[in-house]
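Structure record follows, encoded as C-alpha coordinates.
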Amino acid sequence: AGGAGSDGAAGGSWRDDMTDGAQADAARIAIRPVFIGGCDRSGTTMLGSMLGATRGAVCTPESHFPAELARRVLGPAGIGRRELVDRLLAHPRFAWWDVAERPPEAWRDDEPASLDDLRRLLAWAVTAYARRQEGVALPSTGEAVWVDHSPRNLRDAKALLTLYPDAKFVHIAVSYTHLRAHETVL
(Lines give C-alpha, C1' and ligand atoms only; values in the text may rest on other atoms or scores of the structure.)
Protein backbone atom coordinates (compact mmCIF):
# COMPACT_ATOMS: atom_id res chain seq x y z
CA ALA A 1 0.00 0.00 0.00
CA GLY A 2 1.02 3.64 0.04
CA GLY A 3 2.35 5.54 -2.94
CA ALA A 4 0.42 7.26 -5.68
CA GLY A 5 -3.29 6.63 -5.60
CA SER A 6 -3.34 5.34 -2.02
CA ASP A 7 -5.87 7.07 0.17
CA GLY A 8 -5.15 5.50 3.53
CA ALA A 9 -8.86 4.87 4.13
CA ALA A 10 -9.72 3.27 7.43
CA GLY A 11 -10.63 -0.40 7.38
CA GLY A 12 -7.95 -1.45 4.91
CA SER A 13 -7.47 -0.64 1.28
CA TRP A 14 -8.91 -2.44 -1.70
CA ARG A 15 -5.72 -1.46 -3.50
CA ASP A 16 -3.84 -4.13 -1.54
CA ASP A 17 -6.09 -6.81 -3.05
CA MET A 18 -5.67 -5.79 -6.70
CA THR A 19 -3.33 -8.15 -8.46
CA ASP A 20 -3.90 -8.28 -12.20
CA GLY A 21 -5.81 -7.01 -15.21
CA ALA A 22 -8.32 -4.24 -14.70
CA GLN A 23 -7.91 -4.38 -10.93
CA ALA A 24 -4.25 -3.43 -11.26
CA ASP A 25 -5.09 -0.76 -13.84
CA ALA A 26 -7.67 0.76 -11.50
CA ALA A 27 -5.02 1.01 -8.78
CA ARG A 28 -2.60 2.91 -11.03
CA ILE A 29 -5.00 5.09 -13.00
CA ALA A 30 -6.75 8.16 -11.64
CA ILE A 31 -10.07 8.65 -13.38
CA ARG A 32 -10.91 12.23 -14.38
CA PRO A 33 -14.61 12.23 -15.19
CA VAL A 34 -16.33 14.47 -17.69
CA PHE A 35 -20.08 14.40 -17.14
CA ILE A 36 -22.21 15.52 -20.08
CA GLY A 37 -25.83 16.39 -19.41
CA GLY A 38 -28.82 17.92 -21.13
CA CYS A 39 -32.29 16.99 -22.21
CA ASP A 40 -32.99 13.76 -24.04
CA ARG A 41 -32.11 13.82 -27.76
CA SER A 42 -29.86 16.88 -27.26
CA GLY A 43 -26.65 15.28 -28.50
CA THR A 44 -25.07 13.99 -25.27
CA THR A 45 -24.25 10.65 -26.89
CA MET A 46 -22.69 12.25 -29.96
CA LEU A 47 -20.51 14.61 -27.89
CA GLY A 48 -19.59 11.76 -25.54
CA SER A 49 -18.50 9.62 -28.48
CA MET A 50 -16.38 12.43 -29.87
CA LEU A 51 -14.66 13.15 -26.54
CA GLY A 52 -14.25 9.43 -25.83
CA ALA A 53 -12.44 8.96 -29.12
CA THR A 54 -9.50 11.04 -27.91
CA ARG A 55 -6.30 9.41 -26.65
CA GLY A 56 -6.48 8.38 -22.98
CA ALA A 57 -10.27 8.67 -22.82
CA VAL A 58 -13.19 6.27 -22.81
CA CYS A 59 -16.87 7.00 -23.26
CA THR A 60 -19.02 4.47 -21.44
CA PRO A 61 -22.72 3.80 -21.96
CA GLU A 62 -25.03 5.97 -19.84
CA SER A 63 -24.46 4.95 -16.26
CA HIS A 64 -26.84 6.62 -13.77
CA PHE A 65 -25.30 4.50 -10.99
CA PRO A 66 -22.40 6.72 -9.76
CA ALA A 67 -24.73 9.29 -8.19
CA GLU A 68 -27.11 6.62 -6.89
CA LEU A 69 -24.25 4.74 -5.21
CA ALA A 70 -22.72 7.95 -3.83
CA ARG A 71 -26.04 8.84 -2.19
CA ARG A 72 -26.14 5.35 -0.63
CA VAL A 73 -22.57 5.63 0.69
CA LEU A 74 -23.32 9.07 2.18
CA GLY A 75 -26.80 8.17 3.45
CA PRO A 76 -27.61 8.07 7.15
CA ALA A 77 -27.39 4.26 7.29
CA GLY A 78 -24.33 4.09 5.02
CA ILE A 79 -23.56 0.98 3.01
CA GLY A 80 -21.03 -1.82 3.34
CA ARG A 81 -18.43 -2.56 0.67
CA ARG A 82 -20.05 -5.92 -0.12
CA GLU A 83 -23.39 -4.21 -0.76
CA LEU A 84 -21.66 -1.48 -2.79
CA VAL A 85 -20.09 -4.05 -5.14
CA ASP A 86 -23.32 -6.07 -5.32
CA ARG A 87 -25.40 -2.98 -6.13
CA LEU A 88 -23.04 -1.99 -8.94
CA LEU A 89 -23.04 -5.48 -10.46
CA ALA A 90 -26.84 -5.73 -10.22
CA HIS A 91 -27.55 -2.26 -11.62
CA PRO A 92 -29.40 -2.49 -14.96
CA ARG A 93 -27.29 0.31 -16.45
CA PHE A 94 -24.06 -1.50 -15.53
CA ALA A 95 -25.39 -4.53 -17.40
CA TRP A 96 -25.32 -2.35 -20.55
CA TRP A 97 -21.56 -2.06 -20.15
CA ASP A 98 -21.32 -5.83 -20.78
CA VAL A 99 -18.29 -6.24 -18.49
CA ALA A 100 -17.56 -9.94 -17.96
CA GLU A 101 -14.78 -9.35 -15.40
CA ARG A 102 -15.72 -9.19 -11.75
CA PRO A 103 -14.08 -7.24 -8.93
CA PRO A 104 -11.89 -9.24 -6.55
CA GLU A 105 -13.79 -11.24 -3.91
CA ALA A 106 -11.68 -9.47 -1.26
CA TRP A 107 -13.59 -6.28 -2.06
CA ARG A 108 -16.77 -7.90 -0.73
CA ASP A 109 -16.06 -7.45 2.95
CA ASP A 110 -18.39 -5.95 5.52
CA GLU A 111 -16.40 -2.79 6.20
CA PRO A 112 -18.32 0.47 5.72
CA ALA A 113 -17.89 1.83 2.21
CA SER A 114 -16.36 5.26 1.68
CA LEU A 115 -16.35 7.59 -1.30
CA ASP A 116 -12.75 6.48 -1.91
CA ASP A 117 -14.00 2.88 -2.12
CA LEU A 118 -16.66 3.95 -4.62
CA ARG A 119 -14.12 5.89 -6.71
CA ARG A 120 -11.86 2.82 -6.78
CA LEU A 121 -14.79 0.57 -7.76
CA LEU A 122 -15.80 2.96 -10.55
CA ALA A 123 -12.17 3.13 -11.75
CA TRP A 124 -12.22 -0.67 -11.91
CA ALA A 125 -15.50 -0.60 -13.86
CA VAL A 126 -14.29 2.04 -16.34
CA THR A 127 -10.97 0.28 -16.98
CA ALA A 128 -12.71 -3.10 -17.31
CA TYR A 129 -15.10 -1.56 -19.86
CA ALA A 130 -12.21 0.07 -21.74
CA ARG A 131 -10.31 -3.24 -21.92
CA ARG A 132 -13.10 -4.81 -23.96
CA GLN A 133 -13.41 -1.90 -26.40
CA GLU A 134 -11.45 -2.16 -29.63
CA GLY A 135 -9.22 0.85 -30.20
CA VAL A 136 -9.47 2.23 -26.65
CA ALA A 137 -6.07 2.55 -25.03
CA LEU A 138 -6.04 4.00 -21.54
CA PRO A 139 -2.67 4.84 -20.04
CA SER A 140 -1.14 2.17 -17.81
CA THR A 141 -0.41 4.80 -15.14
CA GLY A 142 -1.44 8.38 -14.53
CA GLU A 143 -4.80 9.81 -15.49
CA ALA A 144 -7.52 8.65 -17.83
CA VAL A 145 -10.62 10.56 -18.85
CA TRP A 146 -13.98 8.91 -18.31
CA VAL A 147 -16.77 10.46 -20.37
CA ASP A 148 -20.30 9.78 -19.12
CA HIS A 149 -23.08 11.18 -21.29
CA SER A 150 -26.19 10.47 -19.21
CA PRO A 151 -28.65 13.31 -19.84
CA ARG A 152 -29.54 13.33 -16.12
CA ASN A 153 -25.96 14.09 -15.03
CA LEU A 154 -26.91 17.70 -14.39
CA ARG A 155 -29.74 16.67 -12.07
CA ASP A 156 -27.20 14.48 -10.25
CA ALA A 157 -24.47 17.15 -10.22
CA LYS A 158 -24.45 17.59 -6.42
CA ALA A 159 -23.83 13.88 -5.77
CA LEU A 160 -21.35 13.63 -8.67
CA LEU A 161 -19.38 16.65 -7.40
CA THR A 162 -19.30 15.15 -3.92
CA LEU A 163 -17.88 11.97 -5.44
CA TYR A 164 -15.51 13.77 -7.86
CA PRO A 165 -14.89 17.37 -6.68
CA ASP A 166 -12.68 18.10 -9.72
CA ALA A 167 -15.11 16.66 -12.29
CA LYS A 168 -15.87 18.62 -15.43
CA PHE A 169 -19.45 19.14 -16.57
CA VAL A 170 -20.74 19.92 -20.04
CA HIS A 171 -24.32 21.13 -20.37
CA ILE A 172 -25.89 20.82 -23.79
CA ALA A 173 -28.69 23.35 -24.04
CA VAL A 174 -31.18 23.12 -26.86
CA SER A 175 -33.75 25.85 -27.38
CA TYR A 176 -37.44 25.10 -27.16
CA THR A 177 -38.00 26.32 -30.73
CA HIS A 178 -35.26 23.95 -31.92
CA LEU A 179 -37.02 21.05 -30.20
CA ARG A 180 -40.41 22.05 -31.68
CA ALA A 181 -38.90 22.15 -35.18
CA HIS A 182 -37.58 18.61 -34.77
CA GLU A 183 -40.95 17.35 -33.49
CA THR A 184 -42.60 18.21 -36.81
CA VAL A 185 -39.91 16.36 -38.77
CA LEU A 186 -40.25 13.23 -36.64
Side-chain angles (χ1 to χ4, degrees), residues 5 14-15 17-38 40-73 79 81-108 113 115-140 143-157 159-160 162-164 167-170 172:
W14 286 356
R15 182 173 187 226
D17 300 317
M18 295 183 193
T19 57
D20 60 3
Q23 294 88 8
D25 289 346
R28 292 188 307 264
I29 297 175
I31 298 294
R32 289 184 323 160
V34 174
F35 295 111
I36 302 171
D40 291 346
R41 312 296 307 157
S42 65
T44 59
T45 301
M46 182 180 70
L47 180 59
S49 295
M50 291 168 44
L51 293 176
T54 61
R55 183 179 172 96
V58 62
C59 179
T60 59
E62 293 181 18
S63 62
H64 299 197
F65 50 79
E68 292 172 19
L69 294 174
R71 284 191 284 269
R72 291 243 181 222
V73 167
I79 187 174
R81 294 195 295 202
R82 175 188 318 273
E83 186 178 352
L84 179 65
V85 171
D86 290 346
R87 283 186 177 274
L88 172 69
L89 296 178
H91 199 285
R93 291 291 181 148
F94 185 67
W96 288 10
W97 289 29
D98 195 28
V99 172
E101 297 177 44
R102 290 296 175 245
E105 239 354 91
W107 287 15
R108 293 177 179 219
L115 288 178
D116 286 329
D117 293 329
L118 177 53
R119 281 188 283 272
R120 229 178 330 279
L121 182 63
L122 292 173
W124 167 82
V126 169
T127 56
Y129 176 79
R131 291 163 72 80
R132 58 173 284 284
Q133 300 303 306
E134 189 173 324
V136 173
L138 294 182
S140 58
E143 292 186 329
V145 176
W146 166 32
V147 180
D148 184 291
H149 59 91
S150 304
R152 69 189 244 181
N153 279 337
L154 297 177
R155 273 188 310 209
D156 291 336
L160 293 171
T162 301
L163 180 58
Y164 292 106
K168 304 296 183 209
F169 284 81
V170 177
I172 297 180

Are any of the side-chain heavy atoms of Leu115 and Arg119 separated by less than 4.5 Å?
yes

Any side-chain to backbone donor/acceptor pair from Arg102 onto Val99? Under 3.5 Å, distance only.
yes

Compare every heavy atom of Pro103 with every heavy atom of Leu121, then report the nearest pair and how far apart it is.
CD1-CG, 4.2 Å

Is there a side-chain contact between Cys59 and His149 (heavy atoms, below 4.5 Å)?
yes

Looking at Ile172, Leu154, Asp148, which one forms a side-chain contact (heavy atoms from CB on, under 4.5 Å) with Ile36?
Ile172

Taking the side chain as every heavy atom from C-beta outward, state whether Val147 and Val58 have any atom pair closer than 4.5 Å.
no

Any side-chain heavy-atom pair of Phe169 and Leu160 under 4.5 Å:
yes

Could you go through the salt bridge (Lys or Arg N to Asp or Glu O under 4.0 Å) check for Arg131 and Glu101 one step at a time?
CA-CA 10 Å; Arg131 291 163 72 80; Glu101 297 177 44; 3.4 Å; yes

Is the backbone of Ser150 close enough, under 3.5 Å, to the side chain of Asn153 for a donor and an acceptor to pair up by distance?
yes

For atom CZ of Arg152, decide whether the heavy atoms of other residues, nucleotides or ligands shown that lie under 6.0 angstrom number more than 12.
yes

Is there a donor-acceptor pair closer than 3.5 Å between any side-chain N or O of Arg93 and the backbone N or O of Pro61?
no

Please work out which of the three classes, parallel, tilted or perpendicular, describes the rings of Tyr164 and Phe35, given edges at 30° and 60°.
tilted

Any chance you could measure Arg81, atom CZ, to Arg120, atom CZ, to the nearest 0.5 Å?
8.0 Å

Can you find a heavy atom in the side chain of Trp146 that is under 4.5 Å from one in the side chain of Val34?
no

Note, Arg71 side chain near Asp156 side chain (heavy atom, < 4.5 Å)
yes

Distance col, row Leu122:CG vs Asp117:CG, nearest 0.5 angstrom, shows 11.0 Å

With distance as the sole test, does Arg82 use its side chain to make a donor-acceptor pair with the main-chain N or O of Arg108 at under 3.5 Å?
yes

Any chance you could measure Arg72, atom CZ, to Leu118, atom CG, to the nearest 0.5 Å?
12.5 Å

So, taking the atom named OG in Ser63 and the one named CG in Leu69, what distance separates them when rounded to the nearest 0.5 Å?
9.5 Å

Value for NE2 (His91) from CG (Asp86), rounded to nearest 0.5 Å, stands at 14.0 Å

Measure centre to centre between the rings of Tyr129 and Trp96, then say whether the value is under 6.0 Å.
no

Is the closest side-chain heavy-atom distance between Thr54 and Val145 below 4.5 Å?
no

First locate atom CD of Gln133, then atom OG1 of Thr60, and finally report the distance between them rounded to the nearest 0.5 Å.
9.5 Å

